[in-house]
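Reviewing the structure listed below.
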Amino acid sequence: MKALFVRTKRLVVDVLRTQTGDNLSAILYTPASDEQEDEHQRHIKKRHTREDEASEKGTGVKRSQSLHGDDLLPLEGMKRKIQRNLRLLESDGLVSSTNNYQELINAIARDIRNQHRYRQQRKRELARLYQTIAHLNEKAKFFEDQINYYQQYIKMCLANLAKAKGKASGRLYSKQQSDAQQAVRKSIRYSGQKLYDKGVIQDIEGLPPHQLRNVSFEITATEVGVFDVSAKFMGVSMEKVELIFQDLLQLQYEGVTVMKMFGKAKINVNLLIFLINKKFYGK
């Protein structure tokens, strides 16, 4: 009986789209005009077209075959079907003709209110879904960049490994050794202001921005993927810091965006990796 109640509600909704009255009994027993019948058929045809298009796109579900058969009924035939259903429902105590089947009308009204709440809930769920997709796209871009960093690092390691394994004699071997040593000992120097402008340095504790020009940094490659960083703050030399490129990549993987150096300089991890790649590995 519950399924019959639901099917009858849908049929009544179809009838109410084109024919109105004081109550459901009055509508069911008042003959429909030709104009109302034509409007009813146009509505049914439009719905079938929408359902077919949605089914082809895989974005919708067609009504069940039994209910779809009810859709094919003319307006008067649909009203007669409703009348038969109402008699069965009344015999089961679900509706009453004495109040013009108000139970059915109330159920339709509840469905309309619930449909509004469902649409609002769906909007919220879609908003969360779009937010999740945007977050995943950001993550994907981050991992793509990280893969590029690792690939560059591996290429550099392989190139240096090949040089170390190369066998030669006399001047050629000496020249290769000299070239490799020069590559390893390559250094870059920047003022604190320059690194600040590049975004590598975010700030230095206890030092106002206008004093950054009095700070200098030097990064020296000591071996494959290992660097010494030395600095002078206001003419005072700081103890060297060993920087391992793989550790930087690990920080980036863990989502660490800022690291401290010399106990007071806040360094942007991603931009430091970019600087090292560009200056030492030509990327």
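Residue numbers run from 1 in the order of the sequence given. What you see is a predicted model; the values in this text were computed from it and never measured. Worth knowing before you read on, the calculation uses all heavy atoms, side chains too, and leaves out hydrogens, waters and symmetry mates.
- Under the 4.5 Å side-chain contact rule for hydrophobic residues, Val6 and Leu16 do not share a cluster.
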Q: Begin with the C-alpha distance, continue with both residues' side-chain angles, and end with the deciding distance and a verdict on side-chain contact (heavy atoms from CB on, under 4.5 Å) for Lys194 and Phe217.
A: CA-CA 10 Å; Lys194 189 69 173 179; Phe217 289 87; over 6 Å; no

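- Taking a 6.0 Å sphere around CG of Asp22, one finds it holds 12 or fewer heavy atoms contributed by other residues, nucleotides or ligands.
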Q | side-chain contact (heavy atoms from CB on, under 4.5 Å) evaluation trace for Leu275 with Tyr190 | A | CA-CA 11 Å; Leu275 179 68; Tyr190 285 102; 3.8 Å; yes

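- Considering every non-hydrogen atom in both Gly199 and Asn268, the closest pair reads O-CB, 3.3 Å.
- When hydrophobic clusters are built by joining Ile, Leu, Val, Met, Phe, Trp and Tyr residues whose side-chain heavy atoms come closer than 4.5 Å, directly or via intermediates, Leu272 is grouped together with Val256.
- Each of Arg122, Gln121, Arg128 was checked for a side-chain hydrogen bond (donor to acceptor under 3.5 Å, both in side chains) with Glu125, and the lone residue meeting it is Gln121.
- The structure places CD1 of Ile201 at 11.5 Å from CG of Leu271, a figure rounded to the nearest 0.5 Å.
- In the model, Gln250 has no side-chain atom that pairs as donor or acceptor with a side-chain atom of Gln246 under 3.5 Å.
- Met1 is connected to Val95 through a chain of hydrophobic side-chain contacts under 4.5 Å among Ile, Leu, Val, Met, Phe, Trp and Tyr, so both are in one cluster.
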Q.
The test is side-chain contact (heavy atoms from CB on, under 4.5 Å); show your working for Lys45 and Gln41 and say whether it passes.
A. CA-CA 6 Å; Lys45 184 177 179 180; Gln41 293 300 327; over 6 Å; no

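- With hydrogens and angles ignored, the 3.5 Å screen pairs a side-chain donor or acceptor of Glu90 with a backbone N or O of Ser97.
- Heavy-atom contacts from other residues, nucleotides or ligands closer than 6.0 Å to CZ of Phe262 number more than 12.
- Salt-bridge check for Lys79 with Glu76: passed, with a basic side-chain N closer than 4.0 Å to an acidic carboxylate O.
- Only one option out of Asn100, Asn106, Asn99 pairs with Gln102 in a side-chain hydrogen bond (donor to acceptor under 3.5 Å, both in side chains); it is Asn106.
- Listed for the Gln211 side chain is no donor-acceptor partner under 3.5 Å among the backbone atoms of Pro208.
- Expressed to the nearest 0.5 Å, how far CG of Asp34 lies from CG of Leu75 amounts to 11.0 Å.
- When each of Ile276, Thr222, Ile188 is paired with Phe227, the side-chain contact (heavy atoms from CB on, under 4.5 Å) condition holds for Ile276 and for no other.
- Follow the hydrophobic side-chain contacts under 4.5 Å out from Ile133 and you never reach Phe143; the two are in separate clusters.
- Side chains of Asp197 and Gln193: a donor-acceptor N/O pair is present below 3.5 angstrom, by distance only.
- One finds the CG atom of Leu86 at 9.5 Å from the CG atom of Leu11 (value rounded to the nearest 0.5 Å).
- Shown here is Gln131, whose CD atom has no more than 12 heavy atoms of other residues, nucleotides or ligands within 6.0 Å.
- Atom CZ of Phe274 and atom NZ of Lys279 lie 9.5 Å apart (nearest 0.5 Å).
- To the nearest 0.5 Å, the span separating CG on Leu94 from CG on Leu89 amounts to 5.5 Å.
- Summarising the geometry, atom CG belonging to Asn85 is positioned 6.5 Å from atom CG belonging to Leu88; distances are rounded to the nearest 0.5 Å.
- Around the OH atom of Tyr118, the shell of radius 6.0 Å holds no more than 12 heavy atoms that belong to other residues, nucleotides or ligands.
- Dense packing is recorded around NZ of Lys9, with more than 12 heavy atoms of other residues, nucleotides or ligands lying under 6.0 Å away.
- Between Arg17 and Asp14 there is a salt bridge, since a side-chain N of the basic residue sits under 4.0 Å from a carboxylate O of the acidic one.
- Gln252 places no side-chain N or O within 3.5 Å of a backbone atom of Val269 that could act as its donor or acceptor partner.
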